[in-house]
Amino acid sequence: MKKRIVFLGTPDFAVPSLEALVAVGEYEIVAVVSQPDRAKDRKGRLLPTPVRACAEKLSLPLFQFERLKKEGVAPLRELNPDLMITAAYGQLLSQEILDIAPVLNVHASLLPAYRGAAPVQWAIIQGEQISGVSIMQTELGLDTGAVMHSKSVEIGESETYGELLTRLSVIGAEELIVALRAYFGGEATFVPQDDEKSSYFPLLNKADAAIDFSLPARQIFNLVRGTNPWPCAYALYQDQPFKVWRAELCEGSGTPAQILRADEKSGLIVACGEGALRLTEVQLPGGKRMKDTDLLRGRKIVQGDLRSAR
RNA sequence: CGCGGGGUAGAGCAGUUGGUAGCUCGUCGGGCUCAUAACCCGGAGGUCAUGUGGUUCAAGUCCCUCCCCCGCAA
């Protein structure tokens with residue numbers, strides 16, 4: 001008899017886990033729960049959540065509760081699952097939900113570090129060199145449950161949030177399967193988190209991505225990586241948002257935001273509080289992302305054009 | 001019908017109050033040089049996104065149509 005599993009997830013990060021659960025063929029996915037569609041395209045039309053799209057592709061029963069705590073209790077209980085799995089679902093569970101069946105969570109950090117909704121972004125912004133995924137117990141507290149399995153992953157020198165997240169989503173799926181076999185095999189051991197060593201980071205917002213050139217180049221470099229592809233670090237160019245998709249550390253010094261070089265050979269190099277940064281891939285409002293050297297072919301950038309966004 | 005910017009040579013941009021297009025880079029040829037992402041000379045390359053559209057003596061430049069891209073907001 002296959003174990004009955006309810007899967008709760010919403011964004012791209014959760015998709016590989018759902019696909020893996022189906023692919024191994026050892027479990028019966030009795031329901032997929034996703035947040036209601038909220039993302040809109042430029043014309044305001046709703047777009048399906050990635051998990052919803054995946055569930056439909058795999059012909060799995062789908063629920064999109066506005067409030068899981070209220071509407072979800074009865075339907076899920078009725079399914080009589082053996083286990084529920086959350087992966088970046090986006091809503092907190094209530095005790096009523098937790099009582100339906102044991103719940104495991106896939107989290108993109110090495111808990112207890114980086115609890116919260118944006119662990120990957122913040123790990124990069126903070127300059128971490130190691131990240132990972134944790135398979136743990138979902139409980140009322142946010143990412144506080146006992147950990148049963150984890151895997152550490154090295155963060156690449158210039159790896160971006162998007163790139164790392166994609167990697168971790170796949171690794172998370174692999175580790176989830178490993179963890180489930182142990183769990184159903186009765187070999188799982190849950191280790192409580194050491195709250196003393198825990199750290200929590202909130203959801204990233206637009207303001208967090210504002211570049212402050214008075215900070216060390218290294219920090220700005222990490223900010224650029226950690227906010228790519230969203231919300232994308234930005235400075236101001238002639239008082240308009242100036243997105244910086246990619247940058248690299250380089251030699252040089254000067255007063256913050258001073259333009260050290262701006263030619264087609266060297267690229268666009270800006271002085272930071274400490275060291276300098278070359279803004280290798282940028283974007284102006286209304287324009288596409290382009291290399292700094294391409295930008296400089298059509299536009300001149302003089303002292304004062306570029307400023308911190310905060 | 002959420003607000004707004006843009007679609008002009010391979011790339012990035014200009015094109016003033018409308019008069020059939022320029023700049024930088026790249027590219028091709030030649031020259032100079034021990035040499036060069038250097039420099040000099042010359043050339044190619046655009047039906048100015050779409051419309052057998054409207055206004056006009058005349059439209060890249062004004063109006064309308066339509067497709068696409070992007071910023072903001074969500």
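Below, chains carry the letters A, B, ... as their sequence lines are ordered, and counting in each starts from 1. All values derive from a computational prediction rather than experimental measurement.
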TODO: Can you run through RNA chain B from 5' to 3' and write each base as (, ), [, ], | or . depending on how it pairs? Watson-Crick or G-U wobble, both distances under 3.5 Å.
DONE: .((((((..((((........)))).(((((.......))))).......(.((.......)))..))))))..
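Between A:Y114 and A:Y200, the ring centre distance reaches or exceeds 6.0 Å.
A distance of about 15 Å separates the C1' atoms of B:rG29 and B:rG45, rounded to the whole Å. B:rC72 and B:rC39 have their P atoms separated by 38 Å, with the value rounded to a whole Å. B:rC13 and B:rA74: their P atoms are spaced 28 Å apart (whole Å). For the C1' atoms, the distance from B:rU65 to B:rU52 is 14 Å, rounded to whole Å.
Salt bridge status for A:D294 with A:K291: absent, with no side-chain N to carboxylate O gap under 4.0 Å. For the pair A:D195 and A:R115, the salt-bridge criterion is met [side-chain N within less than 4.0 Å of a carboxylate O].
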Open item on the list: Working note: A:R181 + A:E26, criterion salt bridge (Lys or Arg N to Asp or Glu O under 4.0 Å); need CA distance, chi angles, decisive distance, verdict.
Closed with: CA-CA 10 Å; A:R181 288 190 172 136; A:E26 299 168 19; 2.6 Å; yes
Open item on the list: Please evaluate residues A:R278 and A:E251 with respect to the criterion salt bridge (Lys or Arg N to Asp or Glu O under 4.0 Å), reporting the C-alpha separation (whole Å), side-chain torsions for both, the decisive distance (0.1 Å), and the verdict.
Closed with: CA-CA 9 Å; A:R278 175 175 167 193; A:E251 301 289 313; over 6 Å; no
Task: Chi angles and distances behind the side-chain contact (heavy atoms from CB on, under 4.5 Å) call for A:L62, A:S34 - done: CA-CA 8 Å; A:L62 175 77; A:S34 171; 4.3 Å; yes
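Between A:L279 atom CG and B:rG12 atom P the separation is 19 Å, expressed in whole Å.
Looking only at atom types and distance, the side chain of A:T144 has a donor-acceptor partner in the side chain of A:E139 under 3.5 Å away. A side-chain donor from one of A:Q91 and A:Q35 sits under 3.5 Å from a side-chain acceptor of the other.
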Give every pair of a protein N or O atom and an N or O atom of nucleotides 23-26 of chain B that lie under 3.5 Å apart, one pair per line with the distance.
residue, atom, partner, partner atom, Å
B:rU24, O2', A:E264, OE2, 2.8
B:rC25, O4', A:E264, OE1, 3.2
B:rC25, O2', A:R297, NE, 3.2
B:rC25, O2', A:R297, NH2, 3.4

Is there any protein nitrogen or oxygen under 3.5 Å from a nitrogen or oxygen in nucleotides 68-72 of chain B, and what are the pairs?
residue, atom, partner, partner atom, Å
B:rC70, O3', A:Q283, NE2, 3.1
B:rC70, O2', A:G286, N, 3.3
B:rC70, O2', A:G287, O, 3.0
B:rG71, O4', A:G286, N, 3.4
B:rG71, N7, A:R42, NH1, 3.0
B:rC72, OP1, A:K206, NZ, 2.8

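Crowding of A:E78 atom CD: a count of heavy atoms from other residues, nucleotides or ligands under 6.0 Å not exceeding 12.
Shown are A:V22, A:V6, A:I5, A:L60; of these, the side-chain contact (heavy atoms from CB on, under 4.5 Å) with A:V32 is made only by A:L60.
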